[in-house]
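First the proteins, then the strands, lettered A, B, ... as listed; each starts at 1.
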Amino acid sequence: MANQDYEVHEHDVIVIGAGGAGLRAAIEAAAQGVSVGLVCKSLLGKAHTVMAEGGIAAALGNVWPEDNWQVHFRDTMRGGKMLNNWRMAQLHAQEAPERVLELERWGALFDRTKDGRILQRDFGGHRYARLAHVGDRTGLEMIRTLQYHGIHQGLDVYMECTITRLLKDGDRVVGAVGYWRESGRVVVFKAKAVILATGGIGKAWKITSNSWEYTGDGHSLALWAGADLIDMEFVQFHPTGMVWPPSVRGILVTEGVRGDGGTLKNSEGKRFMFDYIPEFFKGETADNEAEADRWYEDKKNNRRTPDLLPRDEVARAINSEVKAGRGSPHGGVFLDINTRRPADYIKKRLPSMYHQFKELAGVDITKEPMEVGPTCHYVMGGVRVDADTAQSTVKGLFAAGEVAGGMHGSNRLGGNSLSDLLVFGRRAGLYAALYAKDFGGTLVVDSAQVEQAARQMLAPFERTGGENPYAIQSDLQDTMQALVGIIRNEADLKEALKRLDVLKARAAKVRVDGHRQYNPGWHTALDLDSLLTVAECSALAALERKESRGGHTREDHPYTDDTWGKVNVVVRLKDGRIQVSREPLPEMPPDLKALFQERK
Amino acid sequence: MVRLNVFRWAPGEAERIRAYEVEAVADTTVLDALVAVQREQDPTLALRYACRVGMCGSCAMVVNGRERWACRTRLASLGPGPVSVRPLYHFPLLRDLVVDMTPFVERHAAVGAALAPAAQAEPYVVIPSASAERAEIDDAIECIGCGMCLSACTMVAHDRRFPGPAALNRAFTLQRDRRDAAHGARWAMLLGDDALPRCHGQGNCTDVCPMGLSPTRSIIRLRQMAVRRMVGLAAPQAGRGQ
């Protein structure tokens, strides 16, 4: 191995991941005049962002002139149960409208109000209709717009290339090493700055809305490079995933269904959400069906339906109904939009939902209710970053989008993800470019690090015993689903950690057949490393936080505890082991605190 | 049990059809079956997929002789008998069911697939929802880049410089979009021998498009717009209902 010549590419900035955050980061860095390489493990345009349905949250005020960044900020913090990094939430609320308008200037076409402005739709946890959207295919429009714009700018794109390790020179990150999926050859990227935009970790669970890419690569790369992760206990289970047929279990049913008039019902036909309105949201939520029904037509004088409570609340409610024996035939609940809305409206507003159910489940949602249940959707936790610059705790390493932590606190509101990608993608690109321009000294890559990474990549081919990687992946998903799911407790979490140790030992012996050219078994074997790492981080953080908040529910600590509301759980690598600690949240300045006292 | 006859090939090997028997229930899709083969019988079987639900356009392949998306094609819909699966046509093979999508990307680049904002344009130009312009663009815009139309198009095989259905469909949405400032350059390319004149209107692209788009109609509209432009008729009129 020692003398092998690796393919080497050099850029000022490389971006790992080409979803919304990665593309936006690359576009911004390139606009600063530095050389940018965009590395992604799928084909360009197939990243998970393409699946985003509902819309981009931004206080444009087109539907509700009363809306502004302060209200959006307040909704975001309350949705995250006040655990968000306040500065990120503030920047996000302030900058999202400009990021949306910019997309239109680059060619996107959002749905319109009657007077020709960008239309906004209702979503859970947002006080006003706030989501700019394109039917229920917002992600497709967003990614296509960014992709064309980026290619037009002349970005160098390295497609179907998986990064397995970051390279360091002393205390700073100076590049990355990975392999081409097509040829299996090792490739080295030298870069003054690296931006992680790799998305989430949902593939560690069995029932998930996430695509195959979501194996926690960025989270793991950052951790291994010495960066801190925060909030890894907070995993969002989206309340409405498909539950039937089995092959599509977990596939997302957009919150837009409820935003556009869909209601949740149990097997007795009861709108059960009225039984699950938490104290925290009582003031703004309708407590009877009549008022909730009036809200759809007159939003000024009525409180919103509890069907649109934040996702954590709705997911737990569905979970309880199913456990109480009031679920649907395939273990979910019913989501009914056909009784409130005519077929034309549903087909126009929710075309992909219509086709998805028709073709995959044989259900016509204009005539009958859908069956839905919670599905692992999003990780709030991620790389600890500086709010303004998106730089991690390691020099030269930046993170944006789902892989970054802090923005969403303990629970993300729908629609805040796409805006997060744009706002912090841009910031990461800008500050990584500035960092690269100031980079002192020469860019040195340590060949020993490259060779070690290459050896690790190729090891599965050289083993004779050992197992098929799919068996380990599947057992990992079962473990996380059963023991680190929506409702957690100490005994389960400890058991999960024990099983993860066994899985790690099995993964260290995983065997791969065949050769290196486009070998999916090998790719799966290499993904196990990061999947197991994020699974362990998540389970450890969940064990540490002894309260219930947002996307983390402990049945042995069922209440929200103010002392826990002041700390993040931080995980970092120390002497090769993952260590957990509690560290204080940044303190919100008084002028922002005042926003929470003014009105309930 | 369903029998799948799957095309297998890797560089340096002879191409062959391998048969696999797969457990199938009423809702099993072609993708489910292929993933089951990968997990239980042959982990080296190469195919692309990502979203599993018809949003990303990664899993296009030729199933029983026709371009389809594996994730949205139920085995039961294919009728009795073994199911044949092979990679898309008109793309270089990489391995098994995986093809090199570069021709798709290059053809888009050739038509200038990015909107070029007018330098002096209003920062924010409104195209009203109810306008014919918006209606026509909406009908053509949901391309997920799966490549099935290129695979189905006979002219793509015939002329390497022909942009093909997806790129021409994209070009139509931009030529129809008043915010775009590159119309002139794009017309010059579109009216060359290798672009608009090459389409013979067989409609294979439209037949296979999983999103129900009609590149055929987009190409016809482009030709109408070009003729109007040449004879000095100004803005194109709505194509629908004509």
Side-chain angles (χ1 to χ4, degrees), chain A residues 42-48 50-51 101 104-107 109 111-114 116-117 119 137 139-141 144-145 148-152 159 182 211-213 242 244-248 251-252 351-352 355-356 359-362 468-471 474 512-515 517-522 524, chain B residues 10-11 25-29 31-32 35 38-40 42-58 71-72 74 94-96 98 100-101 105 108-109 112-117 121 123-130 134 137-138 141-145 170 174 177 179-180:
Chain A
S42 281
L43 295 172
L44 196 59
K46 311 301 182 194
H48 202 266
V50 82
M51 295 174 73
L101 295 175
E104 280 239 340
R105 287 198 293 276
W106 294 345
L109 275 172
D111 286 357
R112 295 281 159 200
T113 60
K114 283 206 176 70
R117 292 177 302 161
L119 180 60
R137 303 299 305 268
L140 173 65
E141 183 72 358
R144 178 183 34 223
T145 302
Y148 287 140
H149 189 76
I151 290 172
H152 190 65
M159 287 192 245
E182 178 195 335
S211 78
W212 72 273
E213 301 180 294
M242 291 178 80
W244 188 260
S247 61
V248 293
I251 295 281
L252 191 67
S352 26
H355 290 291
Q356 183 173 314
E359 287 165 34
L360 294 170
N468 173 337
Y470 292 104
S474 168
V512 168
D513 301 320
H515 48 67
Q517 280 155 352
Y518 218 105
N519 186 334
W522 180 42
T524 303
Chain B
V25 295
D27 295 306
T28 304
T29 62
L31 180 62
D32 293 334
V35 169
Q38 219 179 39
R39 287 175 167 268
E40 292 148 24
D42 187 347
T44 67
L45 173 64
L47 68 141
R48 282 199 190 99
Y49 69 98
C51 77
R52 301 172 288 157
V53 68
M55 292 189 165
C56 72
S58 300
C71 67
R72 284 275 184 109
R74 293 201 262 182
L94 292 180
R95 179 171 174 174
D96 300 338
V98 179
D100 179 358
M101 295 296 283
V105 178
H108 272 74
L115 179 123
Y124 179 48
V125 178
V126 168
I127 302 176
S129 292
R134 180 66 197 261
I137 295 173
D138 278 352
I141 206 160
E142 298 254 299
C143 173
I144 57 173
R170 173 64 186 165
L174 293 170
D177 191 327
R179 300 172 302 170
D180 185 88

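- Note on K114(A), H355(A), H515(A), E141(A): by heavy-atom pairs under 4.5 Å with chain B, the leading option is H515(A).
- Residue contact with chain A, scored on non-hydrogen atoms closer than 4.5 Å, involves the backbone of L45(B) exclusively.
- Heavy-atom distances place the side chain of L140(A), and not its backbone, under 4.5 Å from chain B.
- Residue contact with chain B, scored on non-hydrogen atoms closer than 4.5 Å, is absent for H48(A).
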Worked check of side chain to side chain contact (heavy atoms under 4.5 Å, CB included) between M55(B) and I251(A): CA-CA 11 Å; M55(B) 292 189 165; I251(A) 295 281; over 6 Å; no
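- Of the two parts of W522(A), neither the backbone nor the side chain holds a non-hydrogen atom closer than 4.5 Å to a non-hydrogen atom of chain B.
- In this structure, E104(A) and R179(B) have side chains that are in contact, with non-hydrogen atoms separated by less than 4.5 Å.
- No part of E40(B) comes within reach of chain A, as not one of its non-hydrogen atoms sits under 4.5 angstrom from that chain.
- Between atom CG of residue L94(B) and atom CZ of residue R48(B) there is a gap of 6.0 Å, rounded to the nearest 0.5 Å.
- At a 4.5 Å heavy-atom cutoff, the contact between Q356(A) and chain B is made by backbone and side-chain atoms alike.
- The structure places CE of M51(A) at 13.0 Å from NZ of K46(A), a figure rounded to the nearest 0.5 Å.
- Residues satisfying the salt bridge (charged side-chain N to carboxylate O under 4.0 Å, His left out) test with R95(B), not counting sequence neighbours, are none.
- Only the side chain of D32(B) has a heavy atom closer than 4.5 Å to any heavy atom of chain A.
- For a residue to count as touching a neighbouring chain, one of its non-hydrogen atoms must lie under 4.5 Å from one of that chain's; by this rule L43(A) touches chain B with the side chain only.
- Your options are A26(B), A109(B), A114(B), and the one with the most heavy-atom pairs under 4.5 Å with chain A is A114(B).
- Within the 4.5 Å cutoff, side-chain heavy atoms of S474(A) are placed close to those of R39(B).
- Proximity to chain A (any heavy atom under 4.5 Å) is shown, for A50(B), by both the backbone and the side chain.
- For D513(A), the salt bridge (charged side-chain N to carboxylate O under 4.0 Å, His left out) partners are R511(A), not counting sequence neighbours.
- Counting heavy-atom pairs closer than 4.5 Å to chain B, the top residue among M242(A), E182(A), H152(A) is E182(A).
- The greatest number of non-hydrogen atom pairs below 4.5 Å with chain A, out of T28(B), D100(B), I141(B), is found for I141(B).
- Only the side chain of T29(B) comes within less than 4.5 Å of a heavy atom in chain A; its backbone stays farther off.
- Shown here for S247(A) and D27(B), the closest heavy-atom pair between the two residues is OG-O, 4.2 Å.
- Chain A forms more heavy-atom pairs under 4.5 Å with one residue of A116(B), C143(B), A130(B) than with any other, namely C143(B).
- Proximity to chain A (any heavy atom under 4.5 Å) is restricted, for L47(B), to the backbone atoms N, CA, C and O.
- From H108(B), atom NE2 reaches atom CD1 of I151(A) across 9.5 Å, with rounding to the nearest 0.5 Å.
- Annotation for G521(A) and P469(A): closest pair O-CG, 3.3 Å, computed over non-hydrogen atoms.
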